[in-house]
Amino acid sequence: AMEKSYVSMFLLLIVISCALAKDTGKKDSKDTTAKPKLPQTLSRGWGDQLIWTQTYEEALFRSKHSQKPLMIIHHLEDCPHSQALKKVFAEHKDIQKLAEKFILLNLVYETTDKNLAPDGQYVPRIMFVDPTLTVRADITGRYSNRLYAYEPSDISLLFSNMQKALKFLKTEL
């Protein structure tokens with residue numbers, strides 16, 4: 001019986017040390033000022049040179065601590081509307097530049113946070129969250145039936161909405 005408990009203790013230690021190694025690895029990559037060599041899968045084509053967060057929880061944490069607003073893009077790989085918007089977004093130099101001032105997250109699945117789907121779970125859907133972790137439901141696109149949807153032709157509206165998300169920030173904080 002003694003031997004069995006030793007074995008399980010040993011396994012537990014291995015698991016803990018793996019988890020710790022993961023955490024320390026993460027921290028190092030965050031602090032480097034050089035262009036991070038992130039797996040470009042996180043961008044999913046929305047801007048490979050931008051830094052994308054992996055999860056909604058991580059994005060909220062980073063937004064709060066960096067005092068940068070968060071921009072969340074809900075999309076699906078096999079949705080032609082998402083694909084079309086992604087192409088225009090990725091090729092728009094001003095948007096790509098402005099996006100550096102945001103914590104960025106693109107999701108191909110829905111979160112459990114109902115605040116991110118105030119008028120339904122459609123794609124593509126772009127929402128802003130400010131560093132107080134308030135979802136900015138007031139920053140909308142031009143469609144009354146899908147408030148947070150953008151078409152490729154709305155790219156300049158999206159650009160001005162990004163500016164709006166940054167501007168409110170300065171006046172409120």
Side-chain angles (χ1 to χ4, degrees), residues 18-79 81-83 85-118 120-141 147-150 155 158-159 161-170 172-173:
C18 285
L20 289 173
K22 248 196 220 113
D23 281 354
T24 52
K26 261 206 200 107
K27 268 196 199 71
D28 295 344
S29 65
K30 269 183 204 160
D31 297 337
T32 50
T33 42
K35 279 268 186 248
K37 285 272 172 279
L38 287 175
Q40 283 318 333
T41 50
L42 282 185
S43 86
R44 295 192 182 90
W46 289 88
D48 287 346
Q49 82 295 348
L50 294 167
I51 300 171
W52 295 86
T53 45
Q54 197 153 8
T55 63
Y56 181 46
E57 292 68 31
E58 180 197 353
L60 290 175
F61 178 84
R62 286 204 192 182
S63 174
K64 190 175 177 160
H65 287 270
S66 65
Q67 291 299 301
K68 285 178 170 182
L70 164 59
M71 176 170 168
I72 302 175
I73 304 171
H74 287 90
H75 65 109
L76 287 172
E77 297 290 354
D78 56 1
C79 158
H81 299 286
S82 297
Q83 290 289 8
L85 184 64
K86 177 198 295 194
K87 189 176 183 328
V88 177
F89 184 94
E91 289 169 5
H92 194 293
K93 290 198 172 49
D94 292 336
I95 278 190
Q96 292 288 310
K97 187 91 199 99
L98 196 59
E100 293 173 8
K101 298 191 159 92
F102 288 83
I103 301 298
L104 298 167
L105 177 66
N106 68 75
L107 294 174
V108 288
Y109 55 86
E110 291 290 339
T111 69
T112 52
D113 188 347
K114 294 284 172 280
N115 297 313
L116 291 185
Q121 299 187 336
Y122 50 87
V123 295
R125 181 169 96 251
I126 299 179
M127 304 219 57
F128 298 93
V129 181
D130 71 26
T132 63
L133 306 189
T134 308
V135 174
R136 298 299 305 269
D138 57 324
I139 302 182
T140 58
L147 292 175
Y148 310 99
Y150 296 86
I155 200 74
L158 177 57
F159 181 67
N161 277 348
M162 289 168 72
Q163 290 173 312
K164 201 186 271 184
L166 288 163
K167 197 186 287 133
F168 283 141
L169 195 69
K170 292 194 180 64
E172 284 166 15
L173 293 180

Exercise for the section: Measure across Phe128 and Ala165 and return the closest heavy-atom pair with its distance rounded to 0.1 Å. Expected result: CD2-CB, 3.8 Å

Exercise for the section: State, with a plain yes or no, whether a side-chain heavy atom of Trp46 is found less than 4.5 Å away from one of Leu85. Expected result: yes

Exercise for the section: Decide yes or no for Leu50 and Ser43: does some side-chain heavy atom of the first lie under 4.5 Å from some side-chain heavy atom of the second? Expected result: no

Completion exercise
To the nearest 0.5 Å, atom CZ of Phe61 lies from atom OG1 of Thr55 at 11.0 Å

Practice task
Would you please name every residue forming a salt bridge (charged side-chain N to carboxylate O under 4.0 Å, His left out) with Asp94, sequence neighbours left out?
Solution key: none

Fill in the blank from the handout: dist Ile139:CD1 -> Met162:CE (nearest 0.5 Å) comes out at 10.5 Å

Problem - Member of Leu60, Ile103, Leu42 meeting the side-chain contact (heavy atoms from CB on, under 4.5 Å) criterion with Thr53 - result: Ile103

Problem - Heavy-atom side-chain proximity of Val108 to His75 below 4.5 angstrom - result: yes

Problem - His74 NE2 to Tyr109 OH distance, which is reported to the nearest 0.5 Å - result: 8.5 Å

Exercise for the section: Would you sort out whether Gln96 and Phe89 count as a side-chain contact (heavy atoms from CB on, under 4.5 Å), showing the intermediate values? Expected result: CA-CA 7 Å; Gln96 292 288 310; Phe89 184 94; 3.4 Å; yes

Handout entry: Note, Lys68 side chain near Phe102 side chain (heavy atom, < 4.5 Å)
Key = no

Exercise for the section: Write down the atom of Leu70, the atom of Ala59, and the distance for their closest heavy-atom approach. Expected result: CD1-CB, 3.6 Å

Completion exercise
Of all heavy-atom pairs linking Glu91 and Lys87, the shortest is OE2-NZ, 2.9 Å

Completion exercise
d(Asn115 CG, Met127 CE) to nearest 0.5 Å is 8.5 Å

Problem - Close side-chain approach of Ile72 and Thr111, heavy atoms under 4.5 Å - result: no

Handout entry: Lys86 side chain near Glu77 side chain, heavy-atom distance below 4.5 Å
Key = yes

Fill in the blank from the handout: Shortest non-hydrogen pair, Gly45 vs Ala90, comes out as O-CB, 3.4 Å

Practice task
Using atom types as modelled and distance alone, determine if a side-chain donor or acceptor of Ser66 lies under 3.5 Å from a backbone N or O of Arg62.
Solution key: yes

Exercise for the section: Check the surroundings of atom NE2 in His81: do more than 12 heavy atoms from other residues, nucleotides or ligands lie under 6.0 Å from it? Expected result: no

Handout entry: Chi angles and distances behind the side-chain contact (heavy atoms from CB on, under 4.5 Å) call for Leu116, Val129
Key = CA-CA 9 Å; Leu116 291 185; Val129 181; 4.3 Å; yes

Handout entry: Test item: Tyr148 side-chain N/O and Ala137 main-chain N/O as donor-acceptor pair under 3.5 Å
Key = yes

Practice task
Keeping the roles fixed (side chain from Arg44, backbone from Asn106), state whether a donor-acceptor pair exists under 3.5 Å.
Solution key: yes

Practice task
Identify the two heavy atoms, one from Ile95 and one from Phe159, that lie closest to each other, and give their separation to 0.1 Å.
Solution key: CG1-CD1, 3.6 Å

Fill in the blank from the handout: Residues passing the salt bridge (charged side-chain N to carboxylate O under 4.0 Å, His left out) test with Lys97, sequence neighbours excluded, are Glu100

Fill in the blank from the handout: Interatomic distance, CG@Leu166 vs CG@Asp130, rounded to 0.5 Å, equals 11.0 Å

Problem - Donor-acceptor contact present, side-chain Tyr56 to main-chain Leu105, <3.5 Å - result: no

Handout entry: Spatial distance of atom OG1 (Thr140) from atom CD1 (Ile126) [nearest 0.5 Å]
Key = 12.5 Å

Practice task
Would you indicate whether the side-chain heavy atoms of Met71 and Leu98 approach each other to under 4.5 Å?
Solution key: no

